[in-house]
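Quick caveat, the model's predicted, so the values are computed rather than measured. For the numbers below, each heavy atom of this structure counts, side chains included, while hydrogens, waters and symmetry mates do not. Residues take their numbers from the sequence shown, with the count starting at 1.
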Amino acid sequence: MAPDIGAPAIGRDGAGLPEVAPRGAPPRWTRRRGLRGLLHSLLRPLVPRGLLARALLIVLIPLVVTQGIALQIFYGTHLDVISRRLAAGVAGDVGMVVELLTRYPRGADGEDERGWIFREAAWRMDLSLAFEPGAELGPPAQRPASLPLLPLEEDLDRALKERVRLPFDTDWQTDPRSVIIRVGLPDGVLHVEASRKRLFWGTIYLFFIWLVGASLLLFAAAALFMKNQVRAIRRLAGASEAFGKGRDTGPIKPEGASEVRQAAAAFNGMRANIRRFVAQRTEMLAGISHDLRTPLTRLRLGLAMLPADAQADGVEMTQDVEEMERMIASYLAFARGEVLEAPEPIDLVALVREVAERAPAEGGEVAVEAPPSLTLPLRADALRRCLGNLLDNARRHAAHVAMTVRPTPGWAEVHVDDDGPGIPAETREGAFKPFASFSAGGTGLGLAIARDIARAHGGEIALGESPMGGLRATIRLPM
């Protein structure tokens with residue numbers, strides 16, 4: 001009995017045994033695929049499609065994460081500690097002034113003491129003091145929202161609560177260069193004006209500008225470098241696409257990274273090999289054509305020299321020779337592929353009308369519906385042969401044939417419709433196979449040659465239902 005090819009091989013140690021999942025639980029590979037598929041479906045809309053954008057995203061994400069960590073370390077720890085210490089220093093000075101004023105109350109001897117306290121505070125502590133006797137501390141003034149990264153008000157309020165231990169209020173709006181602290185004393189209100197420089201230092205701006213500037217500079221350098229690399233890849237992709245559509249633009253210059261240069265050199269080598277192969281095949285086919293047509297020409301001459309009583313038999317033999325020449329021409333055209341002709345800007349509409357105008361002389365008028373003009377890079381002779389093959393097939397099986405040229409986004413379509421019996425849907429693809437003929441006397445190469453020519457242009461041919469009731473052959477050509 002033959003072994004089951006699809007079954008896994010099982011060794012002596014049990015290797016190759018399929019994994020059996022616990023009852024009620026999916027296999028591990030299924031769970032992995034499910035999780036991986038879920039992550040892929042969630043991240044796919046967020047990930048850009050282009051190589052340049054993806055490469056810049058790979059550079060940008062670590063850069064943003066690194067700078068975010070640096071900002072968190074600086075603003076979240078260092079700046080917070082420094083801000084608390086500066087606020088504690090200002091609150092300590094205010095607390096000392098309040099303690100001295102409480103120790104030396106207003107009186108005959110206290111006037112000189114308070115004047116000395118105010119002068120010493122202005123000189124040694126950089127605090128401007130004013131006392132309002134008999135006043136009471138009112139409700140706190142409305143303050144603006146704190147800066148999100150510099151919580152100076154909260155730190156100062158917290159430090160004043162710890163070191164003053166009296167009712168107080170802070171004013172950040174009256175003077176943009178200082179903060180006014182009002183402290184309620186038993187006999188009045190003390191006004192303290194402290195410079196904001198004691199609570200804030202300008203190096204944080206420099207640090208932030210340096211951090212953001214360095215990030216932008218690195219990102220710009222990475223974007224410029226990656227753009228040059230992607231440009232070489234785009235050039236290689238464009239040359240490959242053009243060569244695949246039969247538009248030979250010549251060898252490309254290897255540039256960029258070593259891998260891109262290697263790919264460009266491989267493309268140039270592949271292009272040279274293909275062109276050399278096509279040239280060798282064409283030369284070989286030209287020799288075969290010459291060798292085959294020589295004996296056929298000799299037979300034609302022999303038939304023409306037959307005596308008069310044998311001319312009736314000679315007519316049939318001459319028709320056989322002509323049929324053999326036509327079949328040889330079709331075989332050679334199919335093998336050659338019509339790829340040696342250089343594409344040029346051609347008016348597709350004019351070409352279609354030219355092919356259609358030949359039909360009445362050969363039997364059957366062809367209606368053409370098309371825009372005024374449509375210029376594409378085409379191989380005129382090859383496409384003329386492609387359209388001629390489609391028209392010959394249509395006129396062979398139908399009484400009425402129509403051609404339509406319709407431009408679509410990125411493509412130009414040519415429809416060849418007829419009112420014949422058509423081809424069943426399940427056998428339409430088989431009609432393009434070489435030597436597949438659905439009529440007597442045909443070589444079975446008409447559709448094969450037509451598809452080969454369309455693909456050489458970077459397009460395609462498809463068969464479908466015609467609005468006229470027969471078969472529709474659609475040629476799609478890139479614009």
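- In this structure, the separation between CG on Leu383 and CD1 on Ile475 is 6.0 Å, given to the nearest 0.5 Å.
- A distance of 11.5 Å separates CD of Glu413 from CG of Leu348, quoted to the nearest 0.5 Å.
- Between the side chains of Glu193 and Ser178, a donor-acceptor pair is found at a separation under 3.5 Å.
- Residue pairs meeting the salt bridge (Lys or Arg N to Asp or Glu O under 4.0 Å) criterion with at least one member in residues 85-96, sequence neighbours excluded, are Asp93-Arg198.
- Between Val368 and Ala356, the closest heavy-atom pair is CG2-CB, 3.4 Å.
- Counting heavy atoms from C-beta on, the side chains of Val366 and Leu391 come closer than 4.5 Å.
- For the pair Phe168 and Asp157, the tightest heavy-atom approach, listed with the atom from each and the gap, is CZ-O, 3.6 Å.
- Nearest heavy atoms, Ala159 versus Ala87: CB-O, 3.7 Å.
- Scored by the side-chain hydrogen bond (donor to acceptor under 3.5 Å, both in side chains) test, Arg158 finds Asp155 as partners (sequence neighbours excluded).
- In terms of the salt bridge (charged side-chain N to carboxylate O under 4.0 Å, His left out) criterion, Asp419 has no residue partners (sequence neighbours excluded).
- By the 4.5 Å heavy-atom criterion applied to side chains, Pro371 and Val349 are counted as neighbours.
- Under the side-chain hydrogen bond (donor to acceptor under 3.5 Å, both in side chains) criterion, Arg124 pairs with Glu120, sequence neighbours left out.
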Where do Met96 and Val98 land on the side chain to side chain contact (heavy atoms under 4.5 Å, CB included) test, with the steps shown first?
CA-CA 5 Å; Met96 178 58 71; Val98 170; over 6 Å; no
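- Listed here is the closest heavy atom pair of Leu156 and Val90: CD1-CG1, 4.3 Å.
- Every residue two or more places apart in sequence or in another chain that forms a salt bridge (charged side-chain N to carboxylate O under 4.0 Å, His left out) with Asp417 is listed here: Arg472.
- Put simply, the side chain of Met403 does not reach to within 4.5 Å of the side chain of Leu390, judged on heavy atoms.
- Residue Met468 qualifies as enclosed at atom CE: its count of foreign heavy atoms under 6.0 Å is above 12.
- Residue Glu369 qualifies as open at atom CD: its count of foreign heavy atoms under 6.0 Å is 12 or below.
- Residue pairs meeting the salt bridge (Lys or Arg N to Asp or Glu O under 4.0 Å) criterion with at least one partner in residues 207-227, sequence neighbours excluded, are absent.
- Two residues are said to be in side-chain contact when any heavy atoms from C-beta on lie closer than 4.5 Å; Arg177 and Arg196 fail this criterion.
- Checked against side-chain hydrogen bond (donor to acceptor under 3.5 Å, both in side chains), Arg84 has the following partners two or more places apart in sequence or in another chain: Asp80.
- Within the structure, side-chain hydrogen bond (donor to acceptor under 3.5 Å, both in side chains) pairs that include any residue of residues 343-352 do not occur (at least two apart or interchain).
- For the salt bridge (charged side-chain N to carboxylate O under 4.0 Å, His left out) test, no residue two or more places apart in sequence or in another chain qualifies with Arg353.
- Summarising the geometry of Gly464 relative to Leu471, their closest heavy-atom pair is O-CD1, 3.4 Å, with the distance given to 0.1 Å.
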Residue pair Val192, Ile180: steps toward the side chain to side chain contact (heavy atoms under 4.5 Å, CB included) verdict
CA-CA 6 Å; Val192 182; Ile180 300 175; over 6 Å; no
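- At most 12 non-hydrogen atoms from other residues, nucleotides or ligands lie less than 6.0 angstrom from CD of Glu136.
- Considering only residues two or more places apart in sequence or on other chains, Arg384 meets the salt bridge (charged side-chain N to carboxylate O under 4.0 Å, His left out) condition with Glu354, Asp381.
- Here the straight-line distance linking atom CZ of Phe219 with atom CG of Leu63 works out to 8.5 Å at 0.5 Å rounding.
- Side-chain contact check for Phe131 versus Asp187: some heavy-atom pair is nearer than 4.5 Å.
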Side chain to side chain contact (heavy atoms under 4.5 Å, CB included) evaluation trace for Leu101 with Leu185:
CA-CA 9 Å; Leu101 292 178; Leu185 299 178; 4.1 Å; yes
Test side chain to side chain contact (heavy atoms under 4.5 Å, CB included) on Asp171 and Val179; report intermediate values, then the result.
CA-CA 6 Å; Asp171 183 7; Val179 55; 6.0 Å; no
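- Contact of the Leu447 side chain with the Asn389 side chain is not registered, since no non-hydrogen atoms from C-beta on lie closer than 4.5 Å.
- Distance check, rounded to the nearest 0.5 Å: CD1 of Ile252 to OG of Ser240 gives 6.5 Å.
- Heavy-atom minimum distance, Leu378 versus Ile346: O-CG1, 3.9 Å.
- For the pair Ile461/Thr474, no side-chain contact is recorded, criterion being any heavy-atom separation below 4.5 Å from C-beta on.
- Counting only distance, with no hydrogens or angles, the side chain of Arg182 and the backbone of His191 share no donor-acceptor pair below 3.5 Å.
- Within the model, atoms CZ of Arg428 and CD of Glu426 stand 8.5 Å from one another, a figure rounded to the nearest 0.5 Å.
- Residue pairs meeting the salt bridge (Lys or Arg N to Asp or Glu O under 4.0 Å) criterion with at least one member in residues 251-266, sequence neighbours excluded: Arg235-Glu255.
- Within the model, atoms CE of Met226 and CZ of Arg231 stand 13.0 Å from one another, a figure rounded to the nearest 0.5 Å.
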Stepwise salt bridge (Lys or Arg N to Asp or Glu O under 4.0 Å) test for Glu460 and Arg476
CA-CA 5 Å; Glu460 186 56 273; Arg476 300 188 70 209; over 6 Å; no
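- Looking at Asn273, its side chain does come within 3.5 Å of a backbone N or O of Gly269 through a donor-acceptor pair.
- For Ser215, the side-chain hydrogen bond (donor to acceptor under 3.5 Å, both in side chains) partners are Gln67, not counting sequence neighbours.
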